[in-house]
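What you see is a predicted model; the values in this text were computed from it and never measured. Numbering of residues begins at 1 and proceeds along the displayed sequence.
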Amino acid sequence: MDLVPRDVEHYAEAHSSPPPEHLLALAVETELALDFPQMMVGALEGRFLEMLVYALAPMRILEIGTFSGYSALSMAAGLPEGGRITTCDISEKHLEVARRFIEQSPYAAAIEIREGPALDTIATLDGPFDFVFIDADKENYINYYEA
């Protein structure tokens, strides 16, 4: 199911800055190596997250649902100097891909990966966070928000 008509999305992609090479490579790897690659944030959404982070200049970001790392890397591109992202996911398979691409990126020092159930991870973190991106199991959105 498409939320936006495909021709509108294609137009927006054609008139937006393309993603950098490391994100293009990550998108290919996600498509080839992981189940449900459609769970990955797309190029437009990644650029939108980057713009939000750049505009808001948050120093601490929490991401719930790393998947293959595309959104964390997108947000990292907009971070102010000294900004940090804590991203969490439950899937070892997903995080293997995310770790590899994050470690190879210019943003490795700014991104901390936490493995395990997000609600357990959140309970161990010192807040507050300036920006939170919730993109994990949909039925727990309210629980993540409240945590």
Side-chain angles (χ1 to χ4, degrees), residues 3-4 8-31 33-34 36-147:
L3 295 176
V4 176
V8 172
E9 187 156 346
H10 291 307
Y11 177 87
E13 287 174 353
H15 293 85
S16 297
S17 300
E21 286 297 320
H22 68 276
L23 290 180
L24 292 172
L26 176 53
V28 169
E29 174 89 8
T30 301
E31 183 74 31
L34 297 178
F36 308 107
Q38 71 275 13
M39 292 190 331
M40 183 186 77
V41 162
L44 288 175
E45 295 84 359
R47 286 306 209 182
F48 180 68
L49 286 168
E50 179 184 348
M51 183 215 42
L52 284 176
V53 169
Y54 180 80
L56 297 172
M59 294 304 292
R60 295 188 69 213
I61 295 175
L62 173 60
E63 176 183 46
I64 301 169
T66 311
F67 192 48
S68 63
Y70 194 101
S71 52
L73 286 166
S74 294
M75 290 186 290
L79 275 176
E81 189 169 328
R84 304 250 328 131
I85 297 173
T86 301
T87 184
C88 54
D89 203 284
I90 196 168
S91 171
E92 185 177 328
K93 184 176 181 179
H94 297 165
L95 289 177
E96 185 277 320
V97 173
R99 279 189 181 97
R100 190 161 24 91
F101 277 86
I102 289 169
E103 288 169 4
Q104 296 170 6
S105 80
Y107 310 110
I111 301 173
E112 175 191 11
I113 295 174
R114 297 282 193 100
E115 185 175 347
L119 290 172
D120 294 346
T121 301
I122 292 168
T124 69
L125 299 174
D126 292 326
F129 286 88
D130 305 310
F131 186 92
V132 178
F133 178 47
I134 301 174
D135 192 28
D137 57 318
K138 310 308 183 219
E139 62 272 1
N140 268 312
Y141 271 25
I142 190 67
N143 296 323
Y144 298 140
Y145 173 78
E146 289 174 355

Does any N or O in the side chain of [X] come within less than 3.5 Å of the main-chain N or O of [Y], such that one atom is a donor and the other an acceptor?
X      : Y      : answer
Asp89  : Leu95  : no
Thr124 : Thr121 : yes
Glu45  : Gly42  : yes
Asp135 : Gly65  : no

Point to revise | Atom pair CE (Met40) and CD (Glu31), whose distance is rounded to the nearest 0.5 Å | key: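 Reported value, rounded in 0.5 Å steps: 8.0 Å.
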Exercise for review: Give, for atom CD1 of Ile102 and atom CD of Glu112, the distance between the pair rounded to the nearest 0.5 Å.
Suggested key: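 Between Ile102 CD1 and Glu112 CD, I get 11.0 Å after rounding to 0.5 Å.
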**Study point:** All pairs passing ring-ring contact (aromatic ring centres under 6.0 Å, His included) where residues 61-117 contributes a residue, at least two apart
**Key:**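 Qualifying pairs: Phe67-His94.
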Exercise for review: May I have all residue pairs that pass ring-ring contact (aromatic ring centres under 6.0 Å, His included) and include part of residues 121-147, sequence neighbours excluded?
Suggested key: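 For residues 121-147, and leaving out neighbouring residues, there are no ring-ring contact (aromatic ring centres under 6.0 Å, His included) pairs at all.
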Exercise for review: For residues Ile111 and Ala72, report the shortest heavy-atom separation together with the two atoms involved.
Suggested key: CD1-O, 3.9 Å
Could you check whether any side-chain heavy atom of [X] comes within less than 4.5 Å of a side-chain heavy atom of [Y], counting everything from C-beta outward?
X      : Y     : result
Ser16  : Leu44 : yes
Asp130 : Leu56 : no
Glu115 : Ile90 : no

Review point. Should we count CD of Glu139 as having more than 12 external heavy atoms under 6.0 Å?
Key: yes
**Study point:** Polar contact flag, side-chain donor to acceptor under 3.5 angstrom, Arg114-Thr66
**Key:**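 The answer is no; no qualifying pair exists.
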Practice item. Output yes when Arg99 and Glu92 qualify as a salt bridge under the 4.0 Å nitrogen-oxygen rule, no when they do not. Key: no
Review point. Run the salt bridge (Lys or Arg N to Asp or Glu O under 4.0 Å) check on Arg47 and Glu50 step by step: do they pass?
Key: CA-CA 5 Å; Arg47 286 306 209 182; Glu50 179 184 348; 2.7 Å; yes
